[in-house]
Amino acid sequence: MWFEILPSFGIIVVATALPGYALYGIHKLVFNNAFRRGTNERWDRMLYQRDIRLTKNPYLVNGLEAIPDEP
């Protein structure tokens, strides 16, 4: 019957979704955060380097308070 495909479908769905969810745990263990910033584009790399330069942590939310007042 049609429902005989459900176990195979479940295995395939879990096998394809597992790496994406495993990355959350791996990033949490290795980098002590669960976020992943892509630096595929030049603009993203520039922002990433700016955040490292200003706050030493690119994963914190940076506002105007992160930019020093002195030139």
Side-chain angles (χ1 to χ4, degrees):
M1 301 304 298
W2 66 269
F3 53 83
E4 292 175 351
I5 199 169
L6 291 179
S8 301
F9 178 73
I11 291 171
I12 290 172
V13 167
V14 168
T16 56
L18 189 64
Y21 289 111
L23 278 178
Y24 178 87
I26 292 170
H27 280 252
K28 188 72 172 167
L29 289 173
V30 174
F31 301 122
N32 198 20
N33 62 12
F35 306 111
R36 183 177 68 97
R37 281 181 80 171
T39 55
N40 299 335
E41 302 293 327
R42 184 173 186 268
W43 180 252
D44 294 333
R45 283 192 301 272
M46 287 173 41
L47 292 178
Y48 186 82
Q49 291 172 346
R50 180 205 62 185
D51 292 343
I52 289 176
R53 181 175 46 85
L54 289 176
T55 63
K56 308 296 187 258
N57 188 349
Y59 300 102
L60 289 177
V61 177
N62 301 322
L64 290 176
E65 68 276 357
I67 300 173
D69 289 335
E70 43 196 62

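Below, each value reflects all heavy atoms present in this structure, side chains not excepted, and no hydrogens, waters or symmetry copies. Please read all numbers here as calculations on a predicted model, not as lab measurements.
Between the CD1 atom in Ile52 and the CG atom in Leu47 there is a gap of 11.5 Å [rounded to 0.5 Å]. Note that the OH atom of Tyr21 and the CD1 atom of Ile26 stand 15.0 Å from one another [nearest 0.5 Å]. Atom CZ of Arg42 is separated from atom CE of Met46 by 5.5 Å, given to the nearest 0.5 angstrom.
The local environment of CG in Leu18 is crowded, with over 12 non-hydrogen atoms from other residues, nucleotides or ligands closer than 6.0 Å.
Of the options Val13, Ile11, Ile12, a side chain to side chain contact (heavy atoms under 4.5 Å, CB included) to Phe9 is made by Val13 and by none of the others.
Trp2 approaches Leu6 most closely through the heavy-atom pair CZ3-CD1, 4.3 Å.
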